[in-house]
Amino acid sequence: MKVDVLILGGGLAGLSAAHHLGLRGARSRLVVEAKDTVGGTAGSVTTRGFTFDYTGHLLHLHDPYGKSLILDLLKENVASHERKAWIYSQGAYTRYPFQANTKGLPPETVAECLAGFLETVHRPRALPSDPDFLSWCRATFGDGITRRFMRPYNEKLWRTPLQKLTTEWQGRFVPKPSPSEVIYGALADQNKLFGYNASFRYPVKGGIQALPDALAERLEPGVVRFESPVIAVDLREKVAEVKGLGQVHYERLVNTLPLNVFLDLATPLPADVKAARKNLRWNTVWNLNVGIDRTAPADKHWIYYPEKKYPFYRVGYSSNFSPHLAPEGHAALYLEAARPGGVRVDRDKLELAMIKGLRDAGLLRRSDEISAKIWMPVPVGYVVYDRARTPAVNAIFRHLNSLGVESIGRYGGWKYSFMEETILDGKRCAERLTGGELAAETGSTAELRALK
Ligand SMILES: Cc1cc2nc3c(=O)[nH]c(=O)nc-3n(C[C@H](O)[C@H](O)[C@H](O)COP(=O)(O)OP(=O)(O)OC[C@H]3O[C@@H](n4cnc5c(N)ncnc54)[C@H](O)[C@@H]3O)c2cc1C
């Protein structure tokens with residue numbers, strides 16, 4: 001088999017690359033997907049009348065083109081929501097983000113958080129140009145907020161000591177309230193929406209799977225080959241070994257598989273790239289989805305759990321994103337725990353701890369019946385931004401660039417990003433491959449430039 005462009009993976013990045021290549025007249029393109037559905041991490045599974053995503057998958061639309069494409073794909077099958085997000089700690093619910101909403105916590109905690117924050121205003125700490133995340137939290141929010149939320153929550157999520165994390169990833173994702181907002185939120189219920197995900201859109205029917213399905217419908221039949229995992233790639237000979245298809249020769253290769261997985265399939269790799277591969281770190285998101293025979297509380301979309309006594313870092317009510325995700329009178333919940341990537345996990349033990357955690361947190365009552373339960377782990381969930389990540393990614397992309405290989409999406413690009421950006425990654429990749437306006441800049445050079 002021979003194609004101009006071979007795309008590895010039929011998640012949003014691969015589908016978007018194929019779609020935009022088609023729009024630009026490139027006909028000879030093939031997407032090989034390991035599973036029997038498109039969507040990858042932005043997919044959904046339906047069981048016992050519940051539809052579950054890989055945890056919460058909400059649409060944050062910031063780019064005019066991304067927004068218009070996504071809304072056009074979903075047409076009337078989309079609704080807007082204002083975020084209802086909470087933190088549960090010390091037995092109290094406080095609004096997200098923690099740093100702007102401490103009212104409701106024990107008075108000594110409020111005082112500790114407020115005093116620490118005011119210290120940062122009156123006696124700002126000097127930070128180096130590339131501080132570690134822990135020092136940055138202390139300098140930005142103070143010791144109290146760091147001790148009560150930033151540190152325990154982020155350690156549960158990243159599974160990495162925060163001194164080892166950089167701050168490259170946090171700009172868009174960690175809201176920074178003003179002093180008056182922090183003070184007001186310590187005294188009163190500040191119902192103000194902070195941050196990049198203050199409002200979101202979500203499909204009315206079909207879960208987030210509706211989005212990749214709609215994108216795949218824009219492709220001609222046969223462009224996506226299902227149950228066709230790539231098992232090896234010879235980068236020098238430009239040929240991929242694909243289960244069920246045999247050898248596929250290509251002119252250009254677009255990878256959307258997690259970078260670690262792709263490099264483990266690819267040969268030959270020079271020594272510096274092999275060494276860089278060893279420096280890639282990630283976490284696995286252990287997502288347990290649960291359906292219960294009671295409706296969800298109307299005032300909550302999701303809740304953060306910074307305390308160690310709860311095994312999950314976040315629990316969400318997906319049936320509050322759309323009632324179609326659960327049978328009438330039922331609620332769909334997603335529970336998220338994280339472990340370092342590649343570490344073996346005793347799933348039965350974790351499941352018992354997760355269900356106990358739900359009971360301890362008061363989300364599951366003795367009288368509730370669990371109507372559905374399904375594990376949907378994300379093996380490469382979050383890329384860990386430690387000190388080794390950027391030099392490693394630079395070395396890997398330099399090499400892939402030299403071979404004309406594109407590596408895009410959240411995982412191919414080895415970054416912290418979201419669905420709209422992933423779709424835009426595919427568009428930009430198609431433009432580069434077809435000599436569009438961004439022709440001079442490959443994905444890898446864009447990444448290198450952004451990191452400078
Ligand atoms: C826990 C979590 C929560 C998230 N929440 C949100 C959110 O609320 N909003 C948001 O916008 N974004 C969210 N995201 C990000 C979003 O999931 C990603 O941006 C997007 O889905 C990435 O798509 P992708 O195509 O880059 O990768 P993937 O979806 O991982 O696609 C890769 C594809 O490659 C396939 N594949 C793997 N191995 C092979 C092989 N050997 N051969 C062939 N195919 C293979 C996979 O099956 C998959 O289909 C979240 C991510 C996670 C992990």
Side-chain angles (χ1 to χ4, degrees), residues 6-18 30-44 53-63 66 70 81 83 85 157 172-173 196-197 200-202 207-209 211-212 215-216 224-233 240-245 248 254-262 264-266 282-287 289 301-302 312-314 316 318 321 334-338 341 376-383 406-426 429 443:
L6 177 63
I7 301 169
L8 308 181
L12 288 176
L15 294 175
S16 171
L30 181 71
V31 179
V32 290
E33 167 55 49
K35 293 193 195 164
D36 60 359
T37 51
V38 291
T41 319
S44 314
D53 298 343
Y54 291 85
T55 85
H57 261 80
L58 316 168
L59 289 161
H60 315 296
L61 307 180
H62 303 296
D63 175 85
I70 289 169
H81 304 266
R83 179 189 65 206
L157 170 66
R172 292 176 294 178
F173 297 105
Y196 80 105
N197 62 358
F200 60 87
R201 288 180 170 85
Y202 188 79
I208 199 60
Q209 183 75 49
L211 178 63
L215 191 50
V224 182
R225 299 294 282 259
F226 294 101
E227 297 177 303
S228 304
V230 56
I231 47 184
V233 183
E241 187 69 35
V242 180
K243 214 167 161 189
L245 296 180
V248 181
V254 178
N255 169 57
T256 74
L257 273 47
L259 200 53
N260 58 328
V261 175
F262 173 67
D264 292 347
L265 300 174
W282 64 96
N283 77 5
T284 295
V285 173
W286 288 92
N287 167 215
N289 291 301
H301 284 127
W302 64 86
F312 31 74
Y313 59 84
R314 189 165 51 186
S318 44
F321 308 151
Y334 58 89
L335 287 64
E336 301 174 77
M376 292 169 57
V378 186
V380 180
Y382 289 77
V383 162
E406 295 273 345
S407 192
I408 62 162
R410 171 162 161 137
Y411 302 108
W414 205 250
K415 59 185 176 173
Y416 187 3
S417 69
F418 46 95
M419 293 183 284
E420 182 191 58
E421 192 175 325
T422 299
I423 288 176
L424 292 173
D425 285 352
C429 170

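One-based numbering, in listed order, for ligands and for the atoms of each.
What sits closest to atom 47 (O) of ligand 1 on the protein, heavy atoms only, is E33 OE2, 2.7 Å. Nearest protein heavy-atom contact of atom 27 (O) of ligand 1 is Y411 CD1, 3.5 Å. Of all protein heavy atoms, the one closest to atom 50 (C) of ligand 1 is H57 NE2, 3.3 Å. Of all protein heavy atoms, the one closest to atom 25 (O) of ligand 1 is A13 N, 2.9 Å. Given atom 32 (C) of ligand 1, the protein heavy atom at minimum distance is T256 O, 3.8 Å. The nearest heavy-atom contact from the protein to atom 34 (O) of ligand 1 is G9 CA, 3.3 Å. In terms of protein heavy-atom proximity, atom 26 (O) of ligand 1 is closest to R410 N, 3.1 Å. Atom 2 (C) of ligand 1 has as its closest protein heavy atom T55 OG1, 3.7 Å.
Nearest heavy-atom pair, V32 versus S228, reported as atom, atom and distance to 0.1 Å: CB-O, 3.5 Å.
Residue T41 touches ligand 1 through backbone and side chain together, judged by heavy-atom distances below 4.0 Å. Contacts between V230 and ligand 1 below 4.0 angstrom, taking non-hydrogen atoms only, involve backbone and side chain alike.
Around the CZ atom of R83, the shell of radius 6.0 Å holds more than 12 heavy atoms that belong to other residues, nucleotides or ligands.
If you take CG on L58 and CZ on R201, they are separated by 12.5 Å, rounding to the nearest 0.5 Å. Within the model, atoms NZ of K35 and CZ of F226 stand 12.0 Å from one another, a figure rounded to the nearest 0.5 Å.
Aromatic ring pairs are classed by plane angle as parallel below 30°, tilted from 30° to 60° and perpendicular above 60°; the pair F200 and H81 is parallel.
For ligand 1, the polar-atom distance check against G14 finds no nitrogen or oxygen pair separated by under 3.5 Å. Checking only distances, T422 does come within under 3.5 Å of ligand 1, N or O to N or O. For ligand 1, the polar-atom distance check against Y54 finds no nitrogen or oxygen pair separated by under 3.5 Å. Considering backbone and side-chain N/O of I408, none are found under 3.5 Å from N/O of ligand 1. In terms of polar-atom proximity, defined here as any N/O pair under 3.5 Å, A34 does make such a contact with ligand 1. When only interatomic distances are considered, the shortest N/O to N/O separation between R314 and ligand 1 does not fall below 3.5 Å. At a 3.5 angstrom cut-off on N or O pairs, L58 counts as close to ligand 1. Taking distance alone, with nitrogen or oxygen atoms compared against 3.5 Å, M419 approaches ligand 1 more closely than that limit. Considering both main-chain and side-chain atoms, P229 never comes within under 3.5 Å of ligand 1 through any nitrogen or oxygen pair.
The shortest heavy-atom distance from G413 to ligand 1 is not under 4.0 Å. Within the structure, ligand 1 has V32 among the residues with a heavy atom less than 4.0 angstrom away. Distances from ligand 1 to the non-hydrogen atoms of V261 include no value under 4.0 Å.
Within the listing of ligand 1, atoms 29 (O), 48 (C), 49 (O) sit less than 4.0 angstrom from a heavy atom of G40. For ligand 1, the atoms lying closer than 4.0 Å to a non-hydrogen atom of G56 are 3 (C), 4 (C), 5 (N), 6 (C), 7 (C), 8 (O). For ligand 1, the atoms sitting less than 4.0 Å from at least one non-hydrogen atom of F418 are 10 (C), 11 (O), 12 (N), 19 (O), numbered in the order shown with element in parentheses. Listed by number with element, the atoms of ligand 1 under 4.0 Å from a non-hydrogen atom of S417 are 15 (C), 19 (O). Proximity to G409 (heavy-atom distance under 4.0 Å) selects the following atoms of ligand 1: 26 (O). Of all the atoms in ligand 1, the ones that sit under 4.0 Å from a non-hydrogen atom of G39 are 29 (O). The A42 neighbourhood of ligand 1 comprises atoms 21 (O), with distances under 4.0 Å to a heavy atom of that residue.
Here the side chains of F312 and Y334 are not in contact, with every heavy-atom distance at 4.5 Å or above. Considering only heavy atoms from C-beta on, L157 stays 4.5 Å or farther from R314 through its side chain.
D36 places no side-chain N or O within 3.5 Å of a backbone atom of E227 that could act as its donor or acceptor partner. Side-chain atoms of T422 do not come within 3.5 Å of backbone N or O of G409 as any donor-acceptor pair. A donor-acceptor pair is defined here as one N or O able to donate and one able to accept, closer than 3.5 Å; such a pair exists between the side chain of Q209 and the backbone of V38. A donor-acceptor distance shorter than 3.5 angstrom exists from the side chain of S44 to the backbone of I208, with no hydrogens or angles considered. Using modelled atom types, one side-chain atom of T256 and one backbone atom of L8 make a donor-acceptor pair closer than 3.5 Å. Distance alone, capped at 3.5 Å, places no donor-acceptor pair between the E33 side chain and the V224 backbone. At distances below 3.5 Å, not a single donor-acceptor pair connects side-chain atoms of R410 with backbone N or O atoms of M419. At distances below 3.5 Å, at least one donor-acceptor pair connects side-chain atoms of N287 with backbone N or O atoms of L335.
The nearest non-hydrogen atom to atom 36 (N) of ligand 1, considering only L8, L257, L15, comes from L257.
Aromatic pair Y411/F262: ring centres not closer than 6.0 Å.
For D264, the salt bridge (charged side-chain N to carboxylate O under 4.0 Å, His left out) test picks out R277, with sequence neighbours left out.
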